[in-house]
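Letters A, B, ... are given to chains in the order of the sequence lines, protein chains preceding strands, and every chain is numbered from 1. The structure presented is a predicted model; accordingly, all values stated were derived computationally and were not measured.
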There are 2 protein chains.
Amino acid sequence: MKNTTPHRVPVKGLTTVLKILSEPNRLRILNGMGLECVPVSAIIAKTGLSQTNVSFHLRILREAGLVKGEKRGAFIYYCLYDTGLLEILANLADWLASNVPTPNPAGPPHG
Amino acid sequence: MKNTTPHRVPVKGLTTVLKILSEPNRLRILNGMGLECVPVSAIIAKTGLSQTNVSFHLRILREAGLVKGEKRGAFIYYCLYDTGLLEILANLADWLASNVPTPNPAGPPHG
DNA sequence: GGCTCATATGTGTATTTACGCATATTAAGG
DNA sequence: CCTTAATATGCGTAAATACACATATGAGCC
């Protein structure tokens, strides 16, 4: 039997994370992170964003549970809990590249 | 050699899709879709959203290449190109459930 | 051609939000 | 204790956007 809705994802909570990830600078910050924690200043340097802005985005990422920040002296070191999220994002990017060929205003050909 | 940034995803384009997906009603619409095309009225009925709003979101989804809409008489039938995106979203939801235990304002314990 | 149904589009609005500036907090060093 | 460095926070603002209302387009029917 064929199901019209093959996959079901919980909308609540998922959209929250998607919204967080949908901000380019936030994604850049996350993307530049690994399992090895780095101080905020490193993220500022790497991204070229203002201190205020990086702190702003890091707070959002941290409160969402996407990154962790451990305190070392006056520094706060941020890193990922695990790389699972980046893997999923890589999958999404891959799917995008294969299935959504540079969307034009009219959308892909109807067929 | 250890890499601090284990995965690299293209930020541009990816954030666009993430932003589109981050809207709850849009995700609901997409989530309610399958490979079998249904008229807009069905989506309106299923979601309980206004006609204007459904049309608004469908346009965004269509222009992004995430859904296709084929015309049949006065009706326009919408459906997915493939279920890959929903699978990825299911993976994300799964990862979320396993790794982000109901984020509180302070974020998960620092470890 | 006029009528009606299905869907799209134009306009206005209220909410969200990313960002910078200024300032507060917290830690190390003299 | 005062200074300096690292990070966070309060406030104001400009831009994005989800939504409703009204209207336009387009197909089928008499």
Review point. Hey, are Arg28(B) and Asn31(B) close enough side-chain-wise for a donor-acceptor pair under 3.5 Å?
Key: no
From CG of Leu49(B) across to P of dA6(C) the rounded distance in Å is 18 Å
Rounded to whole Å, OH of Tyr77(A) lies from P of dA8(D) at a distance of 13 Å
Donor-acceptor pair, Arg26(B) side chain versus Ile20(B) backbone, under 3.5 Å? yes
Check the interface with nucleotides 14-18 of chain D: list each N/O to N/O pair with the protein under 3.5 Å, or write none.
{"from": "dT17(D)", "atom 1": "OP1", "to": "Lys19(B)", "atom 2": "NZ", "distance (Å)": "3.1"}
{"from": "dA18(D)", "atom 1": "OP1", "to": "Arg26(B)", "atom 2": "NH2", "distance (Å)": "3.4"}
{"from": "dA18(D)", "atom 1": "OP2", "to": "Arg26(B)", "atom 2": "NH1", "distance (Å)": "2.9"}

Glu70(B) atom CD is separated from dA6(C) atom C1', nearest whole Å, by 16 Å
### Task
Respond yes when some side-chain nitrogen or oxygen of Tyr78(A) is under 4.0 Å from OP1 or OP2 of dA6(D), and no when none is.
no
Which part of the nucleic acid, if any, lies within reach of Ser55(A) when heavy atoms closer than 4.0 Å are counted: base, sugar-phosphate only, or nothing? base
inquiry  = Can you tell me if Arg59(B) touches the phosphate of dT9(C), counting only side-chain N or O atoms and a distance under 4.0 Å to OP1 or OP2?
reply    = yes
Backbone of Asn53(B) reached by a side-chain donor or acceptor of Ser50(B) within 3.5 Å: yes
Taken to the nearest whole Å, CG/Leu58(A) to C1'/dA8(D) is 11 Å
Residue pair Ile76(B)/Phe75(A) against DNA chain C: nearer the 5' end by closest nucleotide is Ile76(B)
So, is Ser50(A) close to the dC19(C) phosphate, meaning a side-chain N or O under 4.0 Å from OP1 or OP2?
no
### Query
Is a side-chain N or O of Ser55(A) found less than 3.5 angstrom from the main chain of Gln51(A), in a donor-acceptor match?
no
Worksheet item: Can Ile88(A) be reached from Val100(B) by stepping across I, L, V, M, F, W or Y side chains whose heavy atoms are under 4.5 Å apart?
Response: yes
In B/S/- notation (B base, S sugar-phosphate only, - none; protein heavy atoms under 4.0 Å), nucleotides 21-28 of chain D written 5' to 3' is BB----SS
Exercise for review: Find out whether Leu14(B) and Leu92(A) are in side-chain contact, i.e. whether some heavy atom of one side chain is under 4.5 Å from a heavy atom of the other.
Suggested key: yes
Nearest heavy-atom contact between Gly32(B) and Lys46(B) is O-NZ, 3.3 Å
